[in-house]
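Beneath this line is the structure, given in structure tokens, with notes to follow.
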Amino acid sequence: QVQLVESGGGLVQPGNSLRLSCAASGRTGNIFNMGWFRQPQGQERHLVASIAMGSGTPYYINSVKGRFTISRDKKNNTIYLQMNKLTPEDTAVYYCAAARRGGLGLAATTEYDFWGPGTQVSVSS
């Protein structure tokens, strides 16, 4: 199958940046779309950004447009999330997810088949 592992989380002050990475292993040829989700403490998990692995076409929720950038390295089966101008509202566990289906802007957790264990991002002064 597919295994996903996130890295790059940590504690930063508001206004600073972080870059998350997600390395995929296993049968990565079955992955057509990947996304970054986040789940603040006590809240539901929701999509932050997604990317089509073939075309590289990204999708972002409105709250992160202009601040976050999703990208992929097809050769190394890795996706990234560059997060700039972080605010306390960005504090959450961030999860990498992969879907066996294609499409643009896949946003529902049920549309993804594989999940990483998550990495904590904390933004606080």
Side-chain angles (χ1 to χ4, degrees):
Q1 282 288 65
V2 174
Q3 296 80 43
L4 305 173
V5 179
E6 305 94 341
S7 63
L11 173 64
V12 297
Q13 294 183 328
N16 286 354
S17 299
L18 281 174
R19 189 170 85 147
L20 304 182
S21 300
C22 174
S25 61
R27 298 181 180 181
T28 56
N30 294 328
I31 298 174
F32 290 89
N33 203 299
M34 296 184 69
W36 288 99
F37 289 73
R38 67 186 181 189
Q39 184 171 20
Q41 181 67 37
Q43 302 182 36
E44 296 183 350
R45 187 179 304 182
H46 64 270
L47 180 75
V48 176
S50 64
I51 189 166
M53 297 303 292
S55 67
T57 303
Y59 170 82
Y60 304 94
I61 60 172
N62 288 335
S63 62
V64 306
K65 287 181 178 178
R67 297 193 300 124
F68 290 10
T69 302
I70 188 171
S71 60
R72 91 267 194 252
D73 181 343
K74 291 189 292 185
K75 178 182 178 180
N76 294 304
N77 302 120
T78 302
I79 65 167
Y80 305 92
L81 186 67
Q82 178 67 44
M83 304 184 293
N84 298 327
K85 299 180 179 180
L86 286 162
T87 75
E89 288 68 41
D90 296 315
T91 296
V93 176
Y94 283 69
Y95 296 91
C96 177
R100 291 179 291 187
R101 60 168 289 178
L104 297 177
L106 299 183
T109 58
T110 54
E111 294 179 298
Y112 291 81
D113 304 289
F114 311 103
W115 294 85
T119 185
Q120 177 71 47
V121 171
S122 298
V123 185
S124 176
S125 60

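Note that the numbering runs from 1 along the sequence shown for the chain. Predicted model only: the values in this text are computed from it and were never measured.
Note: the hydrophobic cluster containing L81 also contains I61 (ILVMFWY, side chain heavy atoms under 4.5 Å, direct or indirect links).
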Validation: residues 117-125 side-chain donor-acceptor distances under 3.5 Å, sequence neighbours left out:
{"from": "T119", "atom 1": "OG1", "to": "G9", "atom 2": "N", "distance (Å)": "3.3"}
{"from": "Q120", "atom 1": "NE2", "to": "A92", "atom 2": "O", "distance (Å)": "3.4"}
{"from": "Q120", "atom 1": "NE2", "to": "S122", "atom 2": "OG", "distance (Å)": "3.3"}

Side-chain donor-acceptor distances from residues 71-80 under 3.5 Å, at least two apart:
{"from": "R72", "atom 1": "NE", "to": "M53", "atom 2": "O", "distance (Å)": "3.1"}
{"from": "R72", "atom 1": "NH2", "to": "M53", "atom 2": "O", "distance (Å)": "3.4"}
{"from": "R72", "atom 1": "NH2", "to": "G54", "atom 2": "O", "distance (Å)": "3.0"}
{"from": "D73", "atom 1": "OD1", "to": "K75", "atom 2": "N", "distance (Å)": "3.2"}
{"from": "D73", "atom 1": "OD1", "to": "N76", "atom 2": "N", "distance (Å)": "3.3"}
{"from": "D73", "atom 1": "OD2", "to": "N76", "atom 2": "ND2", "distance (Å)": "2.7"}
{"from": "N77", "atom 1": "ND2", "to": "T28", "atom 2": "OG1", "distance (Å)": "3.3"}
{"from": "N77", "atom 1": "ND2", "to": "K74", "atom 2": "O", "distance (Å)": "3.4"}
{"from": "T78", "atom 1": "OG1", "to": "N76", "atom 2": "O", "distance (Å)": "2.9"}

Let me have the donor-acceptor pairs involving side chains of residues 10-17, under 3.5 Å, with sequence neighbours excluded, atom names and distances please.
{"from": "S17", "atom 1": "OG", "to": "N84", "atom 2": "OD1", "distance (Å)": "2.8"}

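Evaluation of the disulfide (SG to SG under 2.5 Å) test over residues 26-90, restricted to residues two or more places apart or in two chains, returns none. Evaluation of the salt bridge (Lys or Arg N to Asp or Glu O under 4.0 Å) test over residues 3-14, restricted to residues two or more places apart or in two chains, returns none. Residue pairs meeting the salt bridge (Lys or Arg N to Asp or Glu O under 4.0 Å) criterion with at least one partner in residues 11-28, sequence neighbours excluded, do not occur; the list is empty. The list of ring pair (Phe, Tyr, Trp, His ring centres under 6.0 Å) pairs with a residue in residues 52-77, not counting sequence neighbours, is empty.
Here L4 contributes atom CG and M34 contributes atom CE; the two are 5.0 Å apart, rounded to the nearest 0.5 Å. Once rounded to the nearest 0.5 Å, the distance linking CD of Q82 with CD1 of I70 reads 12.0 Å.
T57 and S55 get closest at one heavy-atom pair: OG1-OG, 2.9 Å. Taking each heavy atom of Y95 and G116 in turn, the nearest pair found is CD2-O, 3.5 Å.
Residues that satisfy the ring pair (Phe, Tyr, Trp, His ring centres under 6.0 Å) test with F37, not counting sequence neighbours, are Y112, W115. Partners of R100 by salt bridge (charged side-chain N to carboxylate O under 4.0 Å, His left out), not counting sequence neighbours, listed by chain and number: D113. Scanning for side chain to side chain donor-acceptor pair (under 3.5 Å) contacts around S63 gives an empty result, with sequence neighbours left out. In this structure R67 satisfies the side chain to side chain donor-acceptor pair (under 3.5 Å) test together with D90, sequence neighbours excluded. The side chain to side chain donor-acceptor pair (under 3.5 Å) search around K85 returns none, not counting sequence neighbours.
Each of L20, T91, V64 was evaluated against R38; a single residue qualifies, V64, per the side chain to side chain contact (heavy atoms under 4.5 Å, CB included) test.
Here the side chains of C96 and W36 are in contact, with some heavy-atom distance below 4.5 Å.
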